[in-house]
Amino acid sequence: MLTLNEILPQARKEKRAVGAFNVANLETLLSVFRAAEREDSPVIIQVYQRLFNDERAELIAAMTSRLAEKSDIPVVLHLDHGTSIEQIKKAINIGYTSVMIDGSQLPFTENIALTSEAVKIAHQSGVSIEAEIGHVPFGGGEIQLSTAAEAVEFVKETGVDTLAISIGTAHGFYKKEPVLDIERASEIGENVAIPLVLHGGTGVPDEQLKKAIACGIAKINIATELQSMFLRGVAGELEKNGDKFKPLDIYFKPVEEKISEYVCSKIRVFKTKII
Ligand code: 13P
């Protein structure tokens, strides 16, 4: 498996992005992996920090590593929204090749201090690291937009590899279509050379994603749409089959295929070079 540093700088240079998809079980992992193979594309498998509270993150790491060994596509395994130095260390110990430390709700100087410490630890182990400035909220919280001045200072002070910026997205489904602040993204991209990250990719229209990619966004995170597709898919299969019992793997198959199709469609948008 690779780190973000082996795939994202080149992607940014070529004005394309790599999809980072949050998986939480075997079925979502397989669906994403098969889609990336079908598109012959690099892929970032990400895991929510919550799954590091028990064995799940470690088991997903084992499955991802086995899939990557048998495949020719570049694969990065990434801790999403790491909350503490302990969690960063745990992710590194169980085989994650990349981590995020999320100090975006701390005061700016504390975010710099926490991120700097996490960067040291990640780099000692040859692991790539992402951090966030401004704040991309969860569950209806308020968006705090990032500024170019902050981005410049943050990157210089921390030595972080990739930077998540807040340009109008939020995590989860949108009540109304989001409008990205492309001017802001462009100003940040002109002043910061490292690959930029867009969180809250669910529900952002493709045309807006392409504009963000042109500004330097090289990693796009998608979780809600994919995971909800899994749940809705299983519910749909249950309804279709009534009381008839079917083993789990047979139930999941058509659902996995739908998720793969969705992931393929996103990868095609992200990997189109913007000229
Ligand atoms: P969505 O859940 O809105 O797709 O956001 C994903 C994300 O940014 C994970 O960190």
Side-chain angles (χ1 to χ4, degrees), residues 4 8 17-25 28-29 31-32 35 43-53 56-57 60 64 76-84 87-88 91 96 98-105 111 115 118 128-146 160-181 185 195-206 208-209 212-213 217-233 258-259 262-267 269-270:
L4 295 180
L8 292 189
V18 180
F21 301 97
N22 288 64
V23 306
N25 59 5
T28 44
L29 170 62
S31 311
V32 171
V43 69
I44 301 160
I45 301 291
Q46 359 187 83
V47 177
Y48 280 134
Q49 58 84 21
R50 220 173 26 250
L51 279 75
F52 286 73
N53 293 338
R56 278 161 228 266
I60 291 173
T64 307
V76 177
L77 181 62
H78 182 79
L79 156 64
D80 191 25
H81 290 288
T83 52
S84 64
Q87 203 169 49
I88 300 290
Y96 282 64
S98 187
V99 292
M100 175 186 186
I101 184 75
D102 183 359
S104 65
Q105 280 179 297
N111 189 4
T115 302
S128 55
I129 179 158
E130 169 187 335
E132 177 173 325
I133 55 164
H135 183 59
V136 177
F138 294 87
E142 215 171 288
I143 298 176
Q144 285 156 31
L145 297 169
S146 311
V160 77
D161 299 313
T162 57
L163 184 65
I165 56 171
S166 178
I167 52 168
T169 56
H171 293 93
F173 286 121
Y174 294 95
K175 291 203 182 81
K176 81 183 211 292
E177 200 173 277
V179 181
L180 301 191
D181 189 339
L196 303 173
V197 181
L198 187 72
H199 281 246
T202 289
V204 181
D206 290 345
Q208 291 201 47
L209 292 176
I213 294 169
I217 295 286
K219 172 176 181 273
I220 298 178
N221 290 5
I222 298 203
T224 302
E225 182 73 67
L226 187 156
Q227 301 207 351
S228 152
M229 209 171 249
F230 177 76
L231 292 173
R232 280 185 281 123
K258 277 200 192 113
I259 298 174
Y262 167 72
V263 172
C264 281
S265 72
K266 286 292 151 190
I267 288 177
V269 171
F270 301 164

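Ligands are counted one by one from 1 in listed order, and the atoms in each one are counted from 1 as well. Computed from heavy atoms alone, side chains included, the values below leave out hydrogens, waters and symmetry copies.
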State the CG-CD distance between Leu51 and Gln46, to the nearest 0.5 angstrom. 12.0 Å
Quick one about Asn22 and Asp80 (side-chain donor to acceptor, distance below 3.5 Å, no hydrogens or angles considered), yes or no? yes
Return the set of residues passing side-chain contact (heavy atoms from CB on, under 4.5 Å) with Phe138 (not counting sequence neighbours), or none when no residue passes. His81, His171
Under-4.0 Å heavy-atom contact with ligand 1, by part of Glu225 that carries it: neither
Can you check side chain to side chain donor-acceptor pair (under 3.5 Å) on Ser166 and His135, steps first, answer last? CA-CA 6 Å; Ser166 178; His135 183 59; over 6 Å; no
Looking only at heavy atoms, is any part of Asn22 under 4.0 Å from ligand 1, and if so is it the side chain, the backbone, or both, or is it neither? side chain
In this structure, atom 4 (O) of ligand 1 is nearest to the protein heavy atom Thr202 OG1, 2.5 Å
If we ignore hydrogens and angles and just use 3.5 Å, is the side chain of Ser128 paired with the main-chain N or O of Leu4 as donor and acceptor? yes
Tyr96 ring center near Phe52 ring center (under 6.0 Å): yes
Atom 9 (C) of ligand 1: nearest protein contact (heavy atom, Å): Asp80 OD2, 3.1 Å
His81 heavy atoms, cut-off 4.0 Å: which ligand 1 atoms fall inside? 10 (O)
Could you find the nearest protein heavy atom to atom 3 (O) of ligand 1 and give me its residue, atom name and distance? Gly172 N, 2.9 Å
N/O donor-acceptor pair under 3.5 Å between Thr202 side chain and Ile222 backbone: no
protein heavy-atom neighbour closest to atom 8 (O) of ligand 1 works out as Gly200 N, 2.8 Å
What atoms in ligand 1 come closer than 4.0 Å to a heavy atom of Ile222? 4 (O)
Protein contact to atom 2 (O) of ligand 1 [nearest heavy atom, distance to 0.1 Å]: Thr224 OG1, 2.5 Å
Within 4.0 Å of some non-hydrogen atom of His199, the atoms of ligand 1 are 8 (O), 10 (O)
